[in-house]
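Structure record follows, encoded as structure tokens.
Quick caveat, the model's predicted, so the values are computed rather than measured.
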Amino acid sequence: MGFGPVRVTAPVTVHAAMIEHSATALMQLPAGRKAHRIHSHRVTSVRITD
């Protein structure tokens, strides 16, 4: 019997560091800019609600 995927969450600080670290590379393409914008908004909203 197999198991389903395991979801592991990381602290908000890890997500924020990833956003800062990958911003330059993501901003090169429209899809990257969209991904960066969406992920940044999600992390920001979590920081505000904490």
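The list of ring pair (Phe, Tyr, Trp, His ring centres under 6.0 Å) pairs with a residue in residues 14-36, not counting sequence neighbours, reads His15-His39.
More than 12 heavy atoms of other residues, nucleotides or ligands lie within 6.0 Å of CZ in Arg33, so this atom counts as buried by the packing criterion.
Every residue two or more places apart in sequence or in another chain that forms a side chain to side chain contact (heavy atoms under 4.5 Å, CB included) with Ala16 is listed here: Val43, Arg47.
Here the straight-line distance linking atom CD of Glu20 with atom OG of Ser40 works out to 9.5 Å at 0.5 Å rounding.
Hydrophobic clustering (side-chain heavy atoms under 4.5 Å, transitive across Ile, Leu, Val, Met, Phe, Trp, Tyr) groups Ile19 together with Val12.
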